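Comments concern the structure below.
Please read these numbers as outputs of a predicted model, since none were measured by experiment.
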Amino acid sequence: MIRFVLMVNKQGQTRLAQYYEELDKVERGAMEADIVRKCLARGESQNELAILEFIHNLVETLDRFFENVCELDIMFHLDKAHFILDEMVMNGHVVETNKTNILQPVFELERN
């Protein structure tokens, strides 16, 4: 189960954070700082290959939507980045990996 998704730039600034379990702001801040220091935190029961595959799929999906995604795309279109992530993950579980299926509702919203 995915507990959270956190995108951080090279300077350690959080650019996107999505949590799938209840944490207060103090706990979130402490956890984010700890993760930035460690660069990668995973539990013993986590499948590292599955997590890497998910990250790869997320980046490819963002890249397809934003056409060569960069940090500024996520900063200025945070709502769309969250929407894409929400199409992929529900309650901490990956529910969709097909890029076309993920982006179809996003493109529908763009047209309206």
Side-chain angles (χ1 to χ4, degrees):
M1 181 172 135
I2 297 173
R3 295 174 38 212
F4 59 89
V5 174
L6 185 64
M7 285 188 184
V8 181
N9 67 9
K10 290 179 182 179
Q11 289 75 35
Q13 298 167 318
T14 301
R15 293 301 179 206
L16 179 128
Q18 180 78 23
Y19 291 85
Y20 299 103
E21 60 183 25
E22 204 59 39
L23 293 173
D24 64 28
K25 287 187 178 191
V26 173
E27 289 176 314
R28 286 182 184 189
M31 186 171 63
E32 288 178 20
D34 188 44
I35 290 170
V36 168
R37 280 192 298 272
K38 291 181 180 178
C39 296
L40 178 64
R42 62 179 175 88
E44 294 298 319
S45 64
Q46 296 284 342
N47 180 338
E48 187 174 349
L49 183 58
I51 296 298
L52 291 173
E53 187 66 31
F54 169 73
I55 292 168
H56 182 74
N57 192 28
L58 175 61
V59 171
E60 282 186 338
T61 305
L62 290 170
D63 196 53
R64 184 181 290 182
F65 181 75
F66 290 113
E67 299 174 0
N68 199 15
V69 69
C70 69
E71 182 180 348
L72 291 176
D73 291 323
I74 294 170
M75 287 175 58
F76 292 123
H77 303 284
L78 190 60
D79 57 331
K80 292 177 182 141
H82 273 284
F83 193 86
I84 290 168
L85 187 57
D86 288 343
E87 288 294 313
M88 297 177 76
V89 180
M90 183 178 292
N91 293 325
H93 297 282
V94 177
V95 293
E96 185 63 71
T97 58
N98 183 297
K99 293 173 201 66
T100 303
N101 292 345
I102 294 165
L103 292 176
Q104 183 179 4
V106 183
F107 287 135
E108 287 293 324
L109 286 174
E110 288 282 300
R111 278 189 246 165
N112 295 329

In Å, rounded to the nearest 0.5 Å, how long is the span from CD1 of Ile84 to OG1 of Thr61?
7.5 Å
Answer yes if Phe107 and Leu62 sit in the same cluster of Ile, Leu, Val, Met, Phe, Trp and Tyr residues linked by side chain heavy atoms under 4.5 Å apart, and no otherwise.
yes
Are Val8 and Glu32 close enough, and set up right, to give a side-chain contact (heavy atoms from CB on, under 4.5 Å), and what steps lead you there?
CA-CA 9 Å; Val8 181; Glu32 288 178 20; over 6 Å; no
What closest approach, in Å, do Ala17 and His82 show between heavy atoms, and which atom pair accounts for it?
O-CE1, 3.1 Å
More than 12 heavy atoms of other residues, nucleotides or ligands under 6.0 Å from CE of Met90: is that the case?
no
Applying a strict under-4.5 Å side-chain criterion to I, L, V, M, F, W and Y, I'd like to know whether Met75 and Val106 cluster together.
no
Nearest 0.5 Å, please: how far is CG in Leu6 from CG in Leu16?
8.0 Å
Run the side-chain contact (heavy atoms from CB on, under 4.5 Å) check on Ile74 and Met7 step by step: do they pass?
CA-CA 9 Å; Ile74 294 170; Met7 285 188 184; 3.5 Å; yes
Taking all non-hydrogen atoms of both residues into account, name the closest pair between Val95 and Glu87 and its distance.
CG2-O, 3.8 Å
To the nearest 0.5 Å, atom CD of Glu22 lies from atom CZ of Arg28 at 7.0 Å
Nearest 0.5 angstrom please: Leu58 CG to Lys99 NZ, how far?
10.5 Å
Can you pull out every salt bridge (charged side-chain N to carboxylate O under 4.0 Å, His left out) where at least one residue sits in residues 66-81? Sequence neighbours excluded, please.
Arg15-Glu71, Lys80-Glu110
Rounding to 0.5 Å, atoms CG (Leu103) and CG (Leu109) come to a distance of 11.5 Å
According to salt bridge (Lys or Arg N to Asp or Glu O under 4.0 Å), who are the partners of Glu96, at least two apart in sequence or on a separate chain?
none
Excluding sequence neighbours, so at least two apart, what forms side chain to side chain contact (heavy atoms under 4.5 Å, CB included) with Gln104?
none
Roughly how far apart are Ile2 CD1 and Asn91 CG, rounded to 0.5 Å?
11.5 Å
Tell me every residue that passes side chain to side chain contact (heavy atoms under 4.5 Å, CB included) with Asp24, counting only those two or more places apart in sequence or in another chain.
Val26, Glu27
Please step through side-chain contact (heavy atoms from CB on, under 4.5 Å) for the pair Met31 and Arg3, ending with a clear verdict.
CA-CA 12 Å; Met31 186 171 63; Arg3 295 174 38 212; 4.2 Å; yes
Sequence neighbours excluded, the answer for salt bridge (Lys or Arg N to Asp or Glu O under 4.0 Å) partners of Arg64 is none
Tell me, with the steps shown, if Val5 and Phe54 meet side-chain contact (heavy atoms from CB on, under 4.5 Å).
CA-CA 11 Å; Val5 174; Phe54 169 73; 4.2 Å; yes
If I compare all heavy atoms of Tyr20 with all of Leu85, which pair ends up nearest, and what's the gap?
OH-CG, 3.6 Å
Partner residues of Thr97 under the side chain to side chain contact (heavy atoms under 4.5 Å, CB included) criterion, sequence neighbours left out:
Asn57, Val94
